[in-house]
Trainee: 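Structure incoming, see below.
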Amino acid sequence: MSGGHFIRWACTDKLTTVHVPAVRWNGPTQPPDDEHRWNVARRLLHDDTLKPEDRLAGLLLLLYGQGPSAIHRLTTEPVAALARVVTANRKGHATIGALAPSPWLFPGGQPGRPISTTQLTQRLNQLGIRPNQARSTALFQLATEIPAAILARTLGIRTDVAVAWQRLSAGVWATYAAEVSRRKDS
C-alpha cells in the first residue's frame, strides 16, 4: 500500500486527521527528446557490460512507458531473450539460500518481495535513465501511434489522461480503424 493510499484509508477509518494535498499531473509540458530515448534504448539492447536486469527494466520503461512502480512488481513471464536471461539469473538478498525460486522478475532484499521502486529507480538513474522523463517520452510516442482508449486500457491509465497525451502528441485517429482493417487483409 502506498503512502497516499494508507493515509486515505486511515482517514476513511477515522484513524487520523492528517491531510496531504495531492498534486495532479496533466502530462508532459514539452515534446520529449525522442532521439536520446532511442539512443539509450539501443545501448540497453546491445551493451552486454550492463546488468541484464537493469537493461530489461530500462527497456520496459523506455519502450513501453512502464514506470518503476509497475516494473518492480513483474512476475516471471519471459517475453524475450533478455527477459529469459534475467529470469535465469535473478538475484536478490532474499534469494540466497531460498528453497524455491522467487516469483518476481526483479527480486528484492526481503523474502517474497520484489525490488523496491526506490531501488529500481536508483539503478536506472545509474544508467543515465530518468524514469519520469523517460516514461513521459515513451508515453508521448505511444500516444502518437495508438488511440487514447487503447493507450489507457493497455497501460492502466485513465482515458482522460490518455486523451491529454494524444492531444499533446498531435496524434490523429480518423484513419486508425481503416488502417487496422487493412492490416487484417494483408
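Keep in mind the model is a prediction, meaning the values are calculated, not measured.
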Trainee: Between Arg43 and Leu127 (side chain of the first, backbone of the second, donor and acceptor by atom type, cut-off under 3.5 Å), is there such a pair?
Mentor: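 Judged by distance alone, yes, a pair lies under 3.5 Å.
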
Trainee: Nearest 0.5 Å, please: how far is CZ in Arg123 from OG1 in Thr118?
Mentor: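 Those atoms lie 13.0 Å apart.
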
Trainee: Do His72 and Trp104 pass the side chain to side chain contact (heavy atoms under 4.5 Å, CB included) test, and can you show the C-alpha distance, the side-chain angles, and the key distance before you say yes or no?
Mentor: CA-CA 8 Å; His72 89 279; Trp104 301 104; over 6 Å; no

Trainee: If only side-chain N and O atoms count, and only distance matters, is there a donor-acceptor pair under 3.5 Å linking Asn132 with Arg135?
Mentor: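 No.
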
Trainee: Taking all atoms of both residues into account, what is the closest heavy-atom pair of Ala138 and Arg37, and its distance?
Mentor: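 For Ala138 versus Arg37, the nearest heavy atoms are CA-NE, 3.6 Å.
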
Trainee: Run the side chain to side chain contact (heavy atoms under 4.5 Å, CB included) check on Leu44 and Leu56 step by step: do they pass?
Mentor: CA-CA 8 Å; Leu44 293 175; Leu56 179 59; over 6 Å; no

Trainee: To check you understand the geometry: which heavy-atom pair defines the closest contact between Pro68 and Thr117, and what is its length?
Mentor: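 Nearest pair, atom of Pro68 first, then Thr117: CB-CG2, 3.7 Å.
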
Trainee: Distance check, rounded to the nearest 0.5 Å: Glu53 atom CD versus Leu50 atom CG?
Mentor: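 CG of Leu50 is found 10.5 Å from CD of Glu53.
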
Trainee: Looking at side-chain heavy atoms only, is the closest gap between Trp38 and Leu63 below 4.5 Å?
Mentor: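 SC-SC contact between Trp38 and Leu63 confirmed.
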
Trainee: So how far is it from Phe106 CZ to Leu74 CG, rounded to the nearest 0.5 Å?
Mentor: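 Those atoms lie 6.5 Å apart.
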
Trainee: For the CG atom of Leu120 and the CG atom of Asn125, what is their distance to the nearest 0.5 Å?
Mentor: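 It is 9.5 Å, given to the nearest 0.5 Å.
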
Trainee: Side chains of Gln126 and Gln122: any donor to acceptor distance under 3.5 Å?
Mentor: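 There is no such pair between these side chains.
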
Trainee: Determine yes or no for a side-chain-to-main-chain donor-acceptor pair under 3.5 angstrom, with Arg167 supplying the side chain and Val163 the backbone.
Mentor: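 Checking the backbone N and O of Val163 against the side chain of Arg167, no donor-acceptor pair under 3.5 Å is found.
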
Trainee: Testing the basics here: between Ile129 and Gly58, what is the closest heavy-atom pair and its distance to 0.1 Å?
Mentor: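 Distance-wise, the nearest heavy atoms are CD1-CA, 3.9 Å.
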
Trainee: So, taking the atom named OG1 in Thr154 and the one named CD in Gln66, what distance separates them when rounded to the nearest 0.5 Å?
Mentor: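 Going from the OG1 atom of Thr154 to the CD atom of Gln66 covers 9.5 Å.
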
Trainee: I'd like to know if Asp48 pairs up with Arg55 as an ion pair, taking the criterion as any Lys NZ or Arg NE/NH1/NH2 lying under 4.0 Å from an Asp or Glu carboxylate oxygen.
Mentor: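 Looking at Asp48 and Arg55, the cut-off is met.
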
Trainee: Go through the steps for Ile71 and Ile115 under the test side chain to side chain contact (heavy atoms under 4.5 Å, CB included), then give the verdict.
Mentor: CA-CA 9 Å; Ile71 294 170; Ile115 189 173; over 6 Å; no

Trainee: In Å, rounded to the nearest 0.5 Å, how long is the span from OH of Tyr64 to CG of Leu142?
Mentor: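 Reported to 0.5 Å precision, the distance equals 9.5 Å.
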
Trainee: Shortest non-hydrogen contact from Leu61 to Ala134?
Mentor: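 Nearest heavy atoms, Leu61 then Ala134: CD2-CB, 2.9 Å.
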
Trainee: Could you walk me through whether Leu62 and Thr137 pass the side chain to side chain contact (heavy atoms under 4.5 Å, CB included) test, one step at a time?
Mentor: CA-CA 7 Å; Leu62 291 168; Thr137 301; over 6 Å; no

